[in-house]
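Before any comments, here is the structure.
Values below: every heavy atom of this structure, side chains too, minus hydrogens, waters and symmetry copies. Labels below follow one simple rule: chain letters A, B, ... track the order of the sequence lines, proteins then strands, and each chain is numbered from 1.
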Amino acid sequence: MNDEKLQSIDILTFRRDLVEWYKNNKRDLPWRQDQDPYKVWVSEVMLQQTKVDTVIPYFNRFINKFPTIEALAEADEQEVLKEWEGLGYYSRARNLQHAVREVATTYKGQVPNDPDELGALKGVGPYTKGAILSIAYNQPEPAVDGNVMRVLSRVLKIEDDITQQRTKKQFEACARKLIDPQDPSSFNQAVMELGALICTPKSPTCLLCPVQAHCQAFAVGVEEELPIKKKAKKQKKIAYVVLLVADEQGNYIIEKRKDSGLLANLWQFPMVPIEEIGWNHLENWVYGEFGFRVSLGKKQGELRHIFSHLIWQLEIYEARLIGEIVGEQRLQLVNKEELATYPFPVPHQKIMKTLFANE
DNA sequence: AATGCGGGGAA
DNA sequence: TTCCCAGCATT
């Protein structure tokens with residue numbers, strides 16, 4: 001379908017110009033030190049929907065703590081989540097460990113180089129599969145992410161909506177034909193590097209672009225209009241009362257979240273969805289839900305946290321614990337030192353910080 | 001095909 | 001504010 005678009009450029013010189021630019025301009029990134037398939041894998045998972053600069057410190061800490069497949073396979077999930085704390089999309093961490101354990105047992109600790117085996121692993125989708133195969137194993141497989149779709153939509157002047165699955169498959173077909181069979185690793189990374197450094201979403205630096213001469217969008221001045229992307233819908237707002245419940249010794253009650261869905265298996269201070277509960281029923285609801293009684297104390301502040309699909313509006317209250325906690329295994333009563341060893345989502349890390357600042 | 005899933009930085 | 005980032009799983 002896009003064959004006619006592909007014929008509008010000289011594939012051989014496009015490859016040459018792009019890869020040569022990459023070799024002269026690529027960034028020195030921690031996961032480019034070697035081609036260890038495990039490290040390539042970890043980096044690619046961390047880089048899903050996450051910028052390079054954000055990932056670098058996480059990658060270094062993670063590899064330092066879990067240097068090998070075996071080390072990660074043997075770790076506790078809570079340890080892994082603690083290393084992922086703040087990076088977001090926590091199911092990535094849980095899926096990664098799940099898949100690594102499978103590699104340890106089923107594949108004797110060797111990351112499979114077979115596309116079907118690799119793609120069957122939890123958390124390894126079309127992009128990550130192609131990235132590992134090309135970068136670690138130098139196989140000519142496409143690895144199409146947001147960068148690649150942006151670059152190719154401009155170079156080939158493709159005006160289909162890139163949020164559509166159909167469109168992504170078109171790009172994969174194009175990438176498969178464009179990829180340099182002599183150096184798939186450099187080619188794939190070159191497209192992404194170009195997207196990150198030159199062919200940026202806004203104000204691309206076309207004057208410095210190594211493939212400007214090949215770019216159909218630049219030729220007619222529509223590079224800023226591409227790619228075409230349908231807008232996301234607005235986030236839903238949810239209001240919570242967050243309870244800072246301390247006992248006489250200064251231990252705080254924390255709660256482990258469910259093992260699926262938002263922020264799965266992370267910890268937080270108890271939260272009350274106040275809109276649906278109502279202030280009048282707060283204490284009773286807390287007793288029914290958590291098994292402890294409180295009396296609401298002073299308001300400590302407010303916090304707004306924006307997720308990609310919803311917004312938390314948090315009101316933080318002190319609360320006094322009355323009596324005992326009756327058998328709730330997802331609750332823990334911990335002091336401040338212990339608090340720091342549990343994985344928390346960012347808004348609750350911020351709450352913790354204000355807690356410590358007040359003393 | 002549509003939706004859920006984090007958090008941050010750039011403009 | 002808005003965008004969007006080296007996406008994937010689930011429905």
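- Within the structure, every side-chain polar atom (N or O) of H305(A) is placed at least 4.0 Å from both OP1 and OP2 of dG6(B).
- Between the C1' atom of dA9(C) and the CZ atom of R92(A) lies a distance of 14 Å, rounded to the nearest Å.
- Listed pair R150(A) / dC4(C) fails the phosphate criterion, with no side-chain N or O lying under 4.0 Å from OP1 or OP2.
- Of the N and O atoms on the side chains of W31(A) and E44(A), not one donor lies less than 3.5 Å from an acceptor on the other residue.
- dG6(B) and dT11(C): their P atoms are spaced 16 Å apart (whole Å).
- Residue-to-nucleotide proximity on DNA chain B shows that, of F307(A) and Q164(A), the 5′-proximal contact is made by Q164(A).
- If you check residues 76-91 of chain A against DNA chain B, the residues with a heavy atom closer than 4.0 Å are G86(A), L87(A), G88(A), Y89(A), Y90(A), listed by number.
- In terms of phosphate contacts, Q49(A) brings no side-chain nitrogen or oxygen within less than 4.0 Å of OP1 or OP2 of dC5(C).
- Nearest to the side chain of K229(A), among dC4(C), dG6(B), dA6(C), sits dC4(C).
- Of all nucleotides listed (dC3(C), dA6(C), dG7(C)), dA6(C) comes nearest to the side chain of E44(A).
- Of the residues near DNA chain C, K231(A) and L29(A), the one whose nearest nucleotide (by heavy atom distance) lies more toward the 5' end is K231(A).
- Nearest heavy atoms, L118(A) versus K129(A): CD2-O, 3.7 Å.
- Atom CD1 in I306(A) sits roughly 11 Å away from atom C1' in dG8(B) (whole-Å rounding).
- Between dA9(C), dG8(B), dG7(B), one nucleotide has an atom nearer to the side chain of K350(A) than all others, and that is dG8(B).
- When the C1' atom is used for both dC4(C) and dC5(B), the distance is 15 Å, rounded to whole Å.
- In this entry the distance linking CG of L121(A) with C1' of dG7(C) reads 16 Å, nearest Å.
- Residues W84(A) and F62(A) bring their aromatic ring centres within 6.0 Å.
- Within a 6.0 Å sphere centred on CD of E275(A), other residues, nucleotides and ligands contribute 12 heavy atoms or fewer.
- Taking the six-membered ring where tryptophan is involved, the planes of H305(A) and F307(A) are perpendicular, since the angle between them exceeds 60° and thus also 30°.
- Applying the 6.0 Å contact sphere to CZ of R32(A) captures more than 12 heavy atoms from other residues, nucleotides or ligands.
- A side-chain donor-acceptor contact under 3.5 Å links T50(A) and R92(A).
- Nucleic acid contact for R304(A): none, since no nucleic acid atom lies under 4.0 Å from a heavy atom of the residue.
- Of the residues near DNA chain C, K122(A) and W31(A), the one whose nearest nucleotide (by heavy atom distance) lies more toward the 5' end is W31(A).
- Residue whose closest nucleotide on DNA chain B sits further toward the 5' end, between S203(A) and L262(A): L262(A).
- Taking atom CG of N147(A) as the reference point, atom C1' of dC3(C) lies 14 Å away to the nearest angstrom.
- Contact annotation for R32(A): base contact, defined as any heavy-atom pair under 4.0 Å involving a base atom.
- An OP1 or OP2 oxygen of dT3(B) is reached within less than 4.0 angstrom by a side-chain nitrogen or oxygen of K233(A).
- Separating the CG atom of L310(A) from the P atom of dT3(B) is a distance of 14 Å, rounded to the nearest angstrom.
- Using modelled atom types and a 3.5 Å distance limit, the side chains of D160(A) and Q170(A) yield no donor-acceptor pair.
- Closest to the side chain of M192(A), out of dA6(C), dA9(C), dG8(B), is dA6(C).
- A straight line from CG of L96(A) to P of dA9(C) spans 12 Å, rounded to a whole angstrom.
- When the C1' atom of dC5(B) is taken as reference, atom CG of L263(A) falls 9 Å away, rounded to whole Å.
- Comparing the P positions of dG8(B) and dC8(C) gives an interatomic distance of 22 Å, to the nearest angstrom.
- For the pair H348(A) (side chain) and F269(A) (backbone), a donor-acceptor distance under 3.5 Å is present.
- Remark: H309(A) is not in phosphate contact with dG4(B), judged by side-chain N or O atoms under 4.0 Å from OP1 or OP2.
- A salt bridge does not link K169(A) with E172(A): every distance from a Lys NZ or Arg NE/NH1/NH2 to an Asp or Glu carboxylate oxygen is 4.0 Å or more.
- In this structure, G261(A) reaches the sugar-phosphate backbone alone: every heavy-atom distance under 4.0 Å involves primed, P, OP1 or OP2 atoms, never a base.
- As a whole-Å value, the separation of Q235(A) CD from dC5(B) P is 13 Å.
- Residues from residues 50-61 of chain A lying near DNA chain B, meaning a heavy-atom separation below 4.0 Å, are T50(A), K51(A) in numerical order.
- Comparing dA2(B), dT2(C), dA6(C) against the side chain of E193(A) picks out dA6(C) as the nearest.
- Of the candidate nucleotides dG7(B), dA1(B), dA6(C), dA6(C) has the atom lying nearest to any side-chain atom of Y127(A).
- Side-chain polar atoms of N64(A) and R61(A) form no donor-acceptor pair below 3.5 angstrom.
- With hydrogens and angles left out, the side-chain atoms of Y127(A) and Q48(A) include no donor and acceptor closer than 3.5 Å.
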